[in-house]
Peer 1: 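Before we start, here is the structure in question, set down as structure tokens.
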Amino acid sequence: MTTSLTDAIRPGDVLRAAQAGSVVLPVCDHYSGVEARMKKSLALQAEMAQEFGACVFDVTLDCEDGAPVGGESEHAALVTELALAAAPGMRVGVRVHPVDHAAFDADVATIAGRAGQKLSHIMVPKVESLADVVRAAAALDAAGARDLPLQVLIESPLAVHNAFDIASQPRVQSLSFGLMDFVSAHAGAIPAEGMAAAGQFTHPLVVRAKLDIASAAHAYGKVPSHCVVTEFNDIDAMRSAARRAAGEFGYTRMWSIHPNQIRPILDAFAPGERQIETATKVVAAAERANWAPVSFEGVLHDRASYRLYWQVLERAHATGRALPSEARAWFAAPKT
């Protein structure tokens, strides 16, 4: 069976902007570094993929904080084996040591060298400048992982200042805000409350950093990933922080450090049923009009608003939300 021109052209083909939405990732990135927790995280990922019909969160196995001092090479070997053993179709990444750490090159050689084809990304912490990204990309290339994306952690005032340069590097896929290190990098000028679920949304220096990172990411079509909430047993605080990150600060992804944070993040970043219904109707009307402007419920729409509504549907799909049949067809495998 051959495809018609209409079948061949999908909304994502028409509506992909030069910057906005050029990278689409799961909205939750779950971190673990202890062997038992890493195994549980991978099992939960596969279990929830069955539940939602899609891999709805990344698992990032942690070498930076997970590896014991002096045991870096053994830990790198462990996370490599865990990544290789992950269920098919699951998104698994690894956070390696910073580029100036003695274990960095060995981390990359072991992990990317052996499991590069299985990994979704490598996370590089404490990136300060574009030069650090170039250094990391060169290490991946040397390990034979030329196509493996980089995600980076912005964790200092200098890194925030350089965020636009860092985001411009083509290999970079996502910028994450490292709240804890950012606060401690201010030598006590930001109180400990700035690390808390509420204080991180009110202290001016923290707020400015969050906005700068989100803006830099969006400027280059990369994914801004929001920082942790350390009060992992306070689900209300977690839910509130996730909603504010998504609704007020421009973040499209967020870190989880405990399994009970995953579902609140998915809920906060997922569109509601009414948003999904409206988005489907607008994109369907656009498709029928061959992407020319249309009037829908008394409002004029063109490709700028079509793009916004398509991004709503992409986020709904990425969070495993139920889609109308018309929208499901846009995400189905192409006909052959």
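In this text, all values refer to a predicted model and were calculated from it rather than measured experimentally.
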Peer 1: Within a 6.0 Å radius of atom CD on E81, are there more than 12 heavy atoms belonging to other residues, nucleotides or ligands?
Peer 2: yes
Peer 1: Donor-acceptor check, side chain of T280 to backbone of I276, threshold 3.5 angstrom: yes or no?
Peer 2: yes
Peer 1: So do the side chains of M38 and V59 get within less than 4.5 Å of each other, counting heavy atoms only?
Peer 2: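 No; the side chains remain at least 4.5 Å from each other.
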Peer 1: Under 6.0 Å between ring centres, would you say that holds for F104 and H97?
Peer 2: no
Peer 1: In terms of ring plane angle, is the pair H258 and F232 parallel, tilted or perpendicular, where the classes change at 30° and 60°?
Peer 2: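 H258 vs F232 ring planes: parallel.
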Peer 1: Of all heavy-atom pairs between A327 and L323, which one has the smallest distance, and what is that distance?
Peer 2: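 Nearest heavy atoms, A327 then L323: CB-CB, 4.1 Å.
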Peer 1: Test side chain to side chain contact (heavy atoms under 4.5 Å, CB included) on R315 and V24 and set out the steps.
Peer 2: CA-CA 8 Å; R315 195 164 64 252; V24 178; over 6 Å; no
Peer 1: Over 60° means perpendicular and under 30° means parallel, so tell me whether Y306 and W291 are parallel, tilted or perpendicular.
Peer 2: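 Perpendicular, since the angle between the ring planes exceeds 60°.
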Peer 1: Where is the tightest heavy-atom contact between L153 and P125, given as atom of each residue plus distance?
Peer 2: CB-CA, 3.7 Å
Peer 1: When you measure from the side chain of H301 to the backbone N and O of V283, does any donor-acceptor pair fall under 3.5 Å?
Peer 2: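 Side chain of H301 to backbone of V283: no pair is present.
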Peer 1: Do T110 and T80 get their side chains close enough for a donor-acceptor pair, meaning under 3.5 Å?
Peer 2: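 Note: T110 and T80 side chains miss the donor-acceptor criterion.
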Peer 1: Can you check salt bridge (Lys or Arg N to Asp or Glu O under 4.0 Å) on D105 and R135, steps first, answer last?
Peer 2: CA-CA 10 Å; D105 288 308; R135 164 93 166 80; 3.0 Å; yes
Peer 1: Could you walk me through whether R321 and E273 pass side chain to side chain contact (heavy atoms under 4.5 Å, CB included), step by step?
Peer 2: CA-CA 9 Å; R321 290 310 187 255; E273 290 184 12; over 6 Å; no
Peer 1: Tell me whether the count of non-hydrogen atoms from other residues, nucleotides or ligands lying under 6.0 Å of CD in E51 goes above 12.
Peer 2: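 Yes, the 6.0 Å shell around CD holds more than 12 heavy atoms from other groups.
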Peer 1: Does atom CD (E248) have a neighbourhood of more than 12 heavy atoms from anything else shown, all under 6.0 Å?
Peer 2: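 Count over threshold, so yes.
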Peer 1: Hey, mind stepping through C227 and K210 against side chain to side chain contact (heavy atoms under 4.5 Å, CB included) and telling me if it holds?
Peer 2: CA-CA 9 Å; C227 57; K210 289 188 183 192; 4.1 Å; yes
Peer 1: If the condition is salt bridge (Lys or Arg N to Asp or Glu O under 4.0 Å), which residues does D132 pass it with, not counting sequence neighbours?
Peer 2: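 So D132 forms no salt bridge (Lys or Arg N to Asp or Glu O under 4.0 Å) with any residue.
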Peer 1: Just by distance, do the side chain of Q261 and the backbone of V229 share a donor-acceptor pair under 3.5 Å?
Peer 2: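 Yes.
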Peer 1: So if you build clusters from Ile, Leu, Val, Met, Phe, Trp, Tyr with side-chain heavy-atom gaps below 4.5 Å, do V223 and L119 land together?
Peer 2: no
Peer 1: Any heavy-atom pair between the side chains of I122 and Q173 that's under 4.5 Å?
Peer 2: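 In short, these two side chains do not touch, never coming nearer than 4.5 Å.
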Peer 1: Using atom types as modelled and distance alone, determine if a side-chain donor or acceptor of S168 lies under 3.5 Å from a backbone N or O of D165.
Peer 2: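 Yes; judged by distance alone, with no hydrogens or angles, the pair exists.
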Peer 1: Would C28 and D58 count as a side chain to side chain contact (heavy atoms under 4.5 Å, CB included) here? Give the steps.
Peer 2: CA-CA 6 Å; C28 180; D58 285 358; over 6 Å; no
Peer 1: Can you get from L140 to L84 by hopping between Ile, Leu, Val, Met, Phe, Trp and Tyr side chains that sit under 4.5 Å apart?
Peer 2: no
Peer 1: Does the E72 side chain pair with the main chain of G70, one donor and one acceptor, at a distance under 3.5 Å?
Peer 2: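 Present.
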Peer 1: Could you give me the CA-CA distance, side-chain angles and deciding distance for S225 and Q151, then say whether side-chain hydrogen bond (donor to acceptor under 3.5 Å, both in side chains) is met?
Peer 2: CA-CA 10 Å; S225 188; Q151 298 182 13; over 6 Å; no
Peer 1: From the options T60, D29, D65, select the one residue that forms a side-chain hydrogen bond (donor to acceptor under 3.5 Å, both in side chains) with R95.
Peer 2: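 Per the side-chain hydrogen bond (donor to acceptor under 3.5 Å, both in side chains) rule, the option paired with R95 is D65, out of T60, D29, D65.
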Peer 1: Take atom CZ in R244; do more than 12 heavy atoms of anything else shown fall under 6.0 Å from it?
Peer 2: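 Enclosed: over 12 neighbouring heavy atoms sit under 6.0 Å from CZ of R244.
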Peer 1: Tell me whether L211 is reachable from V183 by hopping between hydrophobic residues (I, L, V, M, F, W, Y) whose side-chain heavy atoms are closer than 4.5 Å.
Peer 2: yes
Peer 1: Look at the rings of W310 and W330 and say which category their plane angle falls in: under 30° parallel, 30 to 60° tilted, over 60° perpendicular.
Peer 2: perpendicular
Peer 1: Spell out, yes or no, whether I235 and V27 are grouped together once hydrophobic residues are joined by side-chain heavy atoms under 4.5 Å, including indirect joins.
Peer 2: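 Not linked; separate clusters.
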Peer 1: Could you tell me how the ring of F249 sits relative to the ring of F201: parallel (under 30°), tilted (30 to 60°) or perpendicular (over 60°)?
Peer 2: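 The rings of F249 and F201 stand perpendicular, inter-plane angle above 60°.
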Peer 1: Minimum heavy-atom separation for D147 to R171, with atom names?
Peer 2: N-NH2, 4.0 Å
Peer 1: Say whether H101 and K126, considering side chains only, have a donor N or O and an acceptor N or O under 3.5 Å apart.
Peer 2: no
Peer 1: For F182 and F177, take the angle between the two ring planes, folded into 0 to 90°, and tell me which bin it lands in: parallel under 30, tilted 30 to 60, perpendicular over 60.
Peer 2: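 F182 and F177: perpendicular rings.
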Peer 1: Going hydrophobic residue to hydrophobic residue with side-chain gaps under 4.5 angstrom, can you get from I262 over to M254?
Peer 2: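 Both belong to a single hydrophobic cluster.
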Peer 1: Taking NZ, NE, NH1 and NH2 as the nitrogens, is one of them in D62 or R37 under 4.0 Å from a carboxylate oxygen of the other?
Peer 2: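 Salt bridge between D62 and R37, a charged N being under 4.0 Å from a carboxylate O: no.
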Peer 1: Using atom types as modelled and distance alone, determine if a side-chain donor or acceptor of K281 lies under 3.5 Å from a backbone N or O of F296.
Peer 2: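 A pair under 3.5 Å: no.
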